[in-house]
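Written below as structure tokens is the structure these notes are about.
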Amino acid sequence: MKLVIRAEGPIMLESLVKPLQRIASKQGIGAAEPAAAKFAGCMHDLAEWYREGMDQERWQREAAALRELMTSPLTDWCRGKLYVETIAVPFGLPLAALSLLSGLAIRETEQLEPRRAFSPLAVLWLKEVGAKPMRGLAGELVQVEGENNVAAILLKPGVETARADGIPVGYEQRQHADEHIDEGMVILQANIDDASPEWLSYLMEQCFWAGANDVHFLPVTMKKSRAATLVQVMCYQSQLEAMKTILFKETTTFGIRSFPVACHRLARRFITVQTGWGEVAVKLGYHRGERVQIAPEYEHCAQLARANGVPLQQVYQEAVELAARKSSVKIWADKQEQAEPPKN
């Protein structure tokens, strides 16, 4: 599930608490001990530095809403699932306050009252739960709750449209049993010209461990003819910030490019075949119902090749041939079953 905040104006915690409470209540989120009151006080003190003109009455209401969020299960429940659509901020917001909004999508507008229409407490809370920017809803709407032009939207990501050729299109579609096009992907790129291969190997491990779908390195030539490596990482949109953090911490780059991509994924089936040396798991890929890919599991093939003193290629080829026959028989049987008239 994703929890998305949409606001027609500035985001205020006092307007956000009740919608979140209604969603949490319907989702069966129970009570929690008020263990975070002290931390709420620290956030309040920090926000004072960015207050810059909010009147005392509104400030007190925001502080009360923060305490309510931090001393309830809402804050922990929102961690890792909260997204925020573009935030409206007053034109000419002081730089100190503007810096708080880093990592979130904003739009400046002169229609908002300067300074008073900005809540640093709301932004600090969004940062605390790890809120990520999101442009446009994509998925199944489960619940929508609003208060004073601020809405909390519970969203179930998944397949929602289909192209003219019938292939479904989804956003962060993580189940690959059926063929689909996943539009919830992003590619990150960084040019590295001063890292050892061992460092890059470790970087790849960290990215895959954090959930990257693909990581690879390409040789490139930079300015002044410097040889370098282009690091390219593909992940889901929701993992963008996590991958940026890894790239900044584990490489020497000073900048990362990122752009959205779509990934067309074949339907996948898994079978096991019995070779002359042992069992091998095989992945099958289907395009529009037709099997187009056969991929034996490398580790299984390599283990059998080592244990039996035979070439890896020999084990691999036999696994492919057995899988081709086995999957063809299954497809034929499925078609025959569908073609048979129902028995009375």
Side-chain angles (χ1 to χ4, degrees), residues 156-159 165-185 187 197-198 200-218 231-236 238-239 242-243 246 261-340 342-343:
K156 182 179 180 182
V159 174
D165 58 9
I167 297 176
V169 178
Y171 186 88
E172 294 205 13
Q173 180 69 7
R174 301 176 189 238
Q175 301 300 320
H176 306 320
D178 299 317
E179 184 176 8
H180 65 277
I181 295 173
D182 194 337
E183 291 190 338
M185 310 298 298
I187 282 182
E198 290 87 354
L200 295 179
S201 176
Y202 184 79
L203 168 67
M204 179 179 286
E205 291 176 3
Q206 293 301 301
C207 289
F208 278 129
W209 182 85
N213 290 77
D214 192 20
V215 182
H216 60 263
F217 308 133
L218 299 172
V231 176
Q232 187 159 282
V233 179
M234 186 172 74
C235 65
Y236 290 107
S238 58
Q239 297 168 308
M243 294 301 161
I246 292 174
V261 296
C263 185
H264 188 152
R265 303 185 191 277
L266 297 178
R268 301 177 188 185
R269 303 287 186 274
F270 296 89
I271 63 174
T272 301
V273 296
Q274 182 68 45
T275 71
W277 306 278
E279 286 189 347
V280 174
V282 181
K283 179 167 63 177
L284 307 174
Y286 291 84
H287 175 52
R288 298 181 182 177
E290 179 185 358
R291 191 200 68 231
V292 293
Q293 299 292 344
I294 299 177
E297 181 63 39
Y298 163 76
E299 290 295 343
H300 292 183
C301 294
Q303 184 177 1
L304 293 177
R306 294 189 193 100
N308 294 277
V310 296
L312 171 63
Q313 184 179 5
Q314 191 173 345
V315 179
Y316 191 93
Q317 288 179 340
E318 181 167 328
V320 169
E321 293 170 3
L322 291 171
R325 289 200 293 269
K326 186 173 183 178
S327 58
S328 295
V329 170
K330 184 179 186 306
I331 293 172
W332 180 84
D334 290 343
K335 289 182 178 179
Q336 286 295 108
E337 183 178 343
Q338 294 172 7
E340 288 181 2
K343 297 181 180 178

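Side chains are part of it too, since the values below use all heavy atoms of this structure and drop only hydrogens, waters and symmetry mates.
Under the side chain to side chain contact (heavy atoms under 4.5 Å, CB included) criterion, Phe217 pairs with Leu200, Leu203, Met204, Val215, Thr229, Val231, not counting sequence neighbours. Residues passing the side chain to side chain contact (heavy atoms under 4.5 Å, CB included) test with Tyr236 are Glu172, Arg174, His176, Asp182, Met185, Asn213, Ser238, Gln239, Arg265, sequence neighbours excluded. Residues passing the side-chain hydrogen bond (donor to acceptor under 3.5 Å, both in side chains) test with Gln206, sequence neighbours excluded: Tyr202.
Remark: the backbone N or O of His216 is not paired with any side-chain donor or acceptor of Gln232 at under 3.5 angstrom.
Interatomic distance, CD1 of Ile187 versus CE of Met234, reported as 6.5 Å (0.5 Å rounding). The distance from atom CG of Leu266 to atom CZ of Arg288, rounded to the nearest 0.5 Å, is 11.5 Å.
Contact record, Arg291 with Ala324: NH1-O, 3.4 Å, taken as the closest heavy-atom pair. Glu183 approaches Ala262 most closely through the heavy-atom pair CG-CB, 4.1 Å.
Side chains of Leu322 and Glu318 form a contact here, defined as non-hydrogen atoms less than 4.5 Å apart. A heavy-atom distance below 4.5 Å is not found between the side chains of Lys326 and Val282.
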For residues 267-276, run the donor-acceptor check on the side chains, cut-off 3.5 Å, and write out each pair with its distance to 0.1 Å, sequence neighbours left out.
unit_1	atom_1	unit_2	atom_2	d
Arg269	NH1	Ala177	O	2.4
Thr275	OG1	Trp277	N	3.2
Thr275	OG1	Gly278	N	3.1
Thr275	OG1	Gly278	O	2.6

Less than 3.5 Å apart, which donor and acceptor atoms pair up between the side chains of residues 296-310 and the rest of the protein, not counting sequence neighbours?
unit_1	atom_1	unit_2	atom_2	d
His300	ND1	Ala281	N	3.1
Asn308	ND2	Leu304	O	2.8

